[in-house]
Amino acid sequence: QVQLVESGGRLVQAGESLRLSCAASGNIFSINAMGWYRQAPGKQRELVATITSGGRTNYADSMKGRFTISRDGAKSTVYLQMHSLTSEDTGVYYCNAAITPYAGGLDYLYWGQGTQVTVSS
């Protein structure tokens with residue numbers, strides 16, 4: 001079994017910063033790409049950012065310059081640092097990870113349960 005657990009979501013004021021964390025645990029041989037997605041009320045889930053095992057990052061255009069994704073391989077954790085938050089950033093933030101559970105196995109994509117970020121204006 002593999003689990004992804006997000007944390008760090010809370011109510012903040014517009015203009016503030018927030019850091020989200022997502023820790024992977026369980027039967028893990030290797031973790032490949034990891035990412036953050038978000039879903040605003042009444043909208044579809046959208047990409048925020050991804051990061052490969054080698055550290056290469058990709059961001060949605062609207063997040064560039066304000067959000068930074070990073071990962072700690074030793075802790076199997078991915079982070080999302082967010083700055084200059086606005087009410088448009090309100091939503092549930094989900095992490096995912098492409099994980100190989102055992103040597104020679106296939107990658108599986110796992111999702112966390114999400115953490116709520118609410119930005120008050």
Side-chain angles (χ1 to χ4, degrees):
Q1 295 280 25
V2 172
Q3 273 193 317
L4 296 180
V5 179
E6 301 100 333
S7 61
R10 61 182 177 89
L11 172 65
V12 296
Q13 297 294 314
E16 291 186 346
S17 299
L18 193 63
R19 189 173 87 151
L20 306 181
S21 301
C22 172
S25 63
N27 294 330
I28 298 172
F29 174 73
S30 66
I31 301 178
N32 302 305
M34 303 182 82
W36 287 97
Y37 291 72
R38 73 182 185 188
Q39 188 165 18
K43 295 186 178 181
Q44 291 188 336
R45 191 174 300 188
E46 64 175 346
L47 168 72
V48 175
T50 61
I51 184 167
T52 68
S53 57
R56 185 167 59 189
T57 58
N58 178 59
Y59 296 90
D61 287 343
S62 60
M63 321 296 175
K64 290 180 181 177
R66 293 193 305 126
F67 291 6
T68 301
I69 188 170
S70 61
R71 63 189 284 176
D72 182 333
K75 295 182 179 180
S76 302
T77 301
V78 64
Y79 305 97
L80 184 67
Q81 178 69 53
M82 305 183 288
H83 297 292
S84 302
L85 289 164
T86 73
S87 59
E88 296 295 309
D89 297 313
T90 292
V92 180
Y93 284 69
Y94 299 90
C95 73
N96 73 0
I99 292 173
T100 306
Y102 52 87
L106 298 175
D107 277 1
Y108 292 91
L109 186 65
Y110 294 90
W111 288 86
Q113 292 298 307
T115 186
Q116 176 70 45
V117 173
T118 303
V119 184
S120 173
S121 56

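Since the structure is predicted, the reported quantities are computational estimates derived from the model, not experimental observations.
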Common cluster, [X]/[Y], ILVMFWY with side-chain heavy-atom separation under 4.5 Å:
X: V117; Y: F67; result: yes
X: V92; Y: Y79; result: no
X: W36; Y: Y94; result: no
X: Y110; Y: V5; result: no
X: L109; Y: V78; result: no

[Y] backbone acceptor or donor facing [X] side chain under 3.5 Å:
X: D72; Y: T77; value: no
X: E6; Y: C95; value: yes
X: R56; Y: T50; value: no

Decide side chain to side chain contact (heavy atoms under 4.5 Å, CB included) for T115 and Y93; before the verdict, give the C-alpha distance in whole Å, the side-chain angles of both, and the deciding distance to 0.1 Å. CA-CA 5 Å; T115 186; Y93 284 69; 4.2 Å; yes
Would one find more than 12 heavy atoms of other residues, nucleotides or ligands at under 6.0 Å from atom CD of Q39? yes
Please give me the minimum heavy-atom distance between [X] and [Y], naming the atom from each residue.
X: T86; Y: R66; value: N-NH1, 4.4 Å
X: L20; Y: G8; value: CD2-C, 3.6 Å
X: G91; Y: P41; value: CA-CD, 4.5 Å
X: L4; Y: A97; value: CD1-N, 3.7 Å
X: Y59; Y: T68; value: OH-CA, 3.3 Å
X: I51; Y: R71; value: O-NH1, 3.5 Å

Step by step, work out the side chain to side chain contact (heavy atoms under 4.5 Å, CB included) result for R38 and D89. CA-CA 9 Å; R38 73 182 185 188; D89 297 313; 2.8 Å; yes
Can you tell me how far [atom2] of [Y] sits from [atom1] of [X], rounded to the nearest 0.5 angstrom?
X: E88; Y: K43; atom1: CD; atom2: NZ; result: 5.5 Å
X: K64; Y: N58; atom1: NZ; atom2: CG; result: 7.0 Å
X: I69; Y: L80; atom1: CD1; atom2: CG; result: 6.5 Å
X: S30; Y: D107; atom1: OG; atom2: CG; result: 6.5 Å

Any residue meeting side chain to side chain contact (heavy atoms under 4.5 Å, CB included) with V12, in chain and number order, not counting sequence neighbours: R10, E16, L18, L85, V119
Is there a side chain to side chain contact (heavy atoms under 4.5 Å, CB included) between L11 and Q116 once you walk through the steps? CA-CA 8 Å; L11 172 65; Q116 176 70 45; over 6 Å; no
Hey, are the side chains of I99 and Y108 touching, using non-hydrogen atoms and a 4.5 Å cut-off? no
